[in-house]
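A short worksheet on the structure shown next.
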Amino acid sequence: MGDDVLGRGSRRDQEIVLVDIVDDDDHDDVPAVRRQDSLYVDATRASGANHRGGQEESWARTLRLAFQCVGILYGDIGTSPLFVYSSTFKDGVRHPDDLLGALSLIIYSFALFTIVNLIPNQQAEDELISKYNTGKPLATLRRARWMKELLETNRAVKIWLFLLTILATAMVISDAVLTPAISVLSAVGGLKEKAPNLTTDEIVWITVATLVVLFAIQRFGTDKIGYLFAPIILLWLLLIGCVGIYNTIKFDTGVLRAFNLKYIIDYFRRNKKDGWISLSGILLCFTGTEALFSDLGYFSIRSIQLSFSFGLVPSVLLAYIGQAAYLREHPEHIANTFYRSTPNVMFWPTFILAVAASIIGSQAMISCAFATISHLQTLNCFPRVKILHTSRQYSGQLYIPEVNFLLCVGACLVTIGFKTTVIIGEAHAICVVFVMIITTLLLTIVMLLVWKVSIWYVALFFIVFMSSESIYLSAVLYQFVHGEYVPVAMSVFLMIVMTVWHYVHVKRYEFELEHTVPRDKVKELLERRDIQRVPGVGLFYTDLVQGIPPVFPHLIEKIPSIHSVLIFVSIKHLPIPSVDRSERFIFRHVDKEEYKVFQCVARYGYRDPMEEAKDFVDALTENLQYYIRDVNFYTTGGDQQIFRSTSYASSIAESFASYEKHSGHAVYAEEMLTPAESFSEHTKQLSGRSKHFKQFQVENMNMQKMEKVQQEQQAILREMENGVVYILGESDIVASPHSSLLNKIIVNYIYSFLRKNCRNGEKMLSIPRSQVLKVGIAYEI
């Protein structure tokens, strides 16, 4: 490998880094290693990724965020008192002390499983991933290194980890069907208290109408109505808390004995198998915690802890305690405990707030499904669907029309089919417990690999949570045929879709990587005499960062002409929330500068929205102008130059310091996962090489050089004015004739069906149809 030559200049008070990788023959005695494409290294990193979240926030901001997250995070879990007791005692209350046992289970289950979400979850902690913490014990570091190697090199472990992750993801999406159904049906069911003549079917159809309205307004987004969420949920929590205090004082203050764990033991001793089965209703008290991860990143840890400790916990627990006190005197009202325990004078305000809170709780799960599918699509694990950003201010507010329609149909069918909250609650329970078990497994890996926690703390965490969740899971699975099969069937279907889509994408990526056009072949194509240079700019979209895709020579063979300026564009989604606009694009010349053929990588975080085609071209053009200037003003003597900008002046010093710390041995391998790594084994090799720094030389910015730069920049602008053509490779993926029957079914039938019924590339990139040039090519995988 060669020497890294760093240059420093100024652009908008930022630093310019030029990296040159050249061959070096001074190390012939060192074993050969697999060369890492330097453009790929930059494409998978953003220098500002880890410089977030370190600022101390004021208490005013903390209180404002705490108020906002009440409406966003706690809508679902805050409406659980509507249906927990009715789902727990399906056959009525057999013994008065059973209420104390159930209440004790609710209190301690709620405390145990919701407290997990208070674990710090912010990007600043993620810096620990890339830092070798010498303060940790040697055994802990060895264990973390072993875990890292296992996850990176063992194919079976990779596949199982992938399947577990998409199973939990599929369960969360399925939950977005069940949550609106059970929440709205529970709230609307209160009408029977004032209109006893209403039949069950009429309640169901009122619920369906409400659900249709709920999903119909999704296209307007939550930007404008979002400010109403927090006040409504806050009023709701205040109301149920006050009603809980009223019922406790009026009916039976003795229910406070439920804080004694003795009543849990007595409950199971008295009810035996029936007590164990009732756990499927108890776990509904913490439903909603399984989806909090999708919104936690929008708020600070302190604001979440504040709102959780002083808002959600006391209100919900007081509601459960008050209902138990009421049921001690009126056990016959178990089927509709919430509304029966509400004072008559408060019925209509309670009913209105219940419906509003249920809709908001449903809204949180629907938004979670949109965000999850958006992330899946950026990871190439879901078919292409139309994603609309409903807010100019908040990039996380999304709307996906196709998914919204399917969720609406699913929620309505579940409501019509099951009719009661008891059966829907059983189906809802299996989603909650499966997601939490998988979360425990994944969090255990994070504790070992990232946080490097003591093995004793890891073991304690795993034993306590896994044993508790396994008991709940066993109770849920016992009633599998009563309704739990519905979310399982939906999740299996989603898993098949995600697995097939990702599998074929990986295989296509591997095929293109194996058939990448060599550099000498590209040079030969560009130097052909029969090649015509047509006016304008061609943006050639490709998934490859590490070379030229095989569809390019196919295009030249069929149409021997290329645009005056040709840019191979790769869109790379990084596993960080956002990439600064100043770091969005990196460029490299494909060959000689006079050919005006470039490679460009556009980097996005998983929360960054894609620009419209015109805005994307404008930003690309602007950054290309800077690249042309910088590679002319700063010469490194190499033939491959990469430009990137960084907003952090310290990154240069850190780069020098990191190399100075090496003792002569380094690892040259990808640090980030590529799409191909999910199913394919990616071997990593070590090499020992010395790294040296050269003194970079900055040429004088004489008039001749400046004139040359200006001419090149004006030439690019002229070609932009001549028009931009978007070139898309339409690869027809078919199974190889010699492949297995399963592979043929997956590729030729399932994937083909999905692709024909999802959106095309130009629609996803918002490209005008009149400017699209599609190049067809067949791949056999």
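Keep in mind the model is a prediction, meaning the values are calculated, not measured.
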For R508, salt bridge (Lys or Arg N to Asp or Glu O under 4.0 Å) partners two or more places apart: D543
S468: side chain to side chain donor-acceptor pair (under 3.5 Å) partners, not counting sequence neighbours: none
Side-chain H-bond candidate by donor/acceptor type, Y267 with S278, under 3.5 Å: yes
L164: partners by side chain to side chain contact (heavy atoms under 4.5 Å, CB included), with sequence neighbours left out: I438, L441
Any residue meeting side chain to side chain donor-acceptor pair (under 3.5 Å) with W276, in chain and number order, not counting sequence neighbours: S474
Check: F461 ring centroid to F465 ring centroid under 6.0 Å: yes
Review item, side-chain donor-acceptor pairs of residues 491-498, under 3.5 Å, at least two apart:
unit_1	atom_1	unit_2	atom_2	d
S491	OG	S174	OG	3.2
S491	OG	P487	O	2.8

Polar side-chain atom of R603 near backbone of E583 as donor-acceptor pair, under 3.5 Å: yes
Residues that S470 engages under side chain to side chain contact (heavy atoms under 4.5 Å, CB included), provided they are two or more places apart: M466
Results of ring-ring contact (aromatic ring centres under 6.0 Å, His included) for F434 - residues two or more places apart only: none
Donor-acceptor under 3.5 Å (S467 side chain, V464 main chain): yes
Residues forming a side chain to side chain contact (heavy atoms under 4.5 Å, CB included) with F268, sequence neighbours excluded: L105, I264, L279
Which residues share a side chain to side chain donor-acceptor pair (under 3.5 Å) with Y320, sequence neighbours left out: none
L312: partners by side chain to side chain contact (heavy atoms under 4.5 Å, CB included), with sequence neighbours left out: Y74, I77, F110, L237, F308, V316
With S570 via side chain to side chain donor-acceptor pair (under 3.5 Å) - residues at least two apart: none
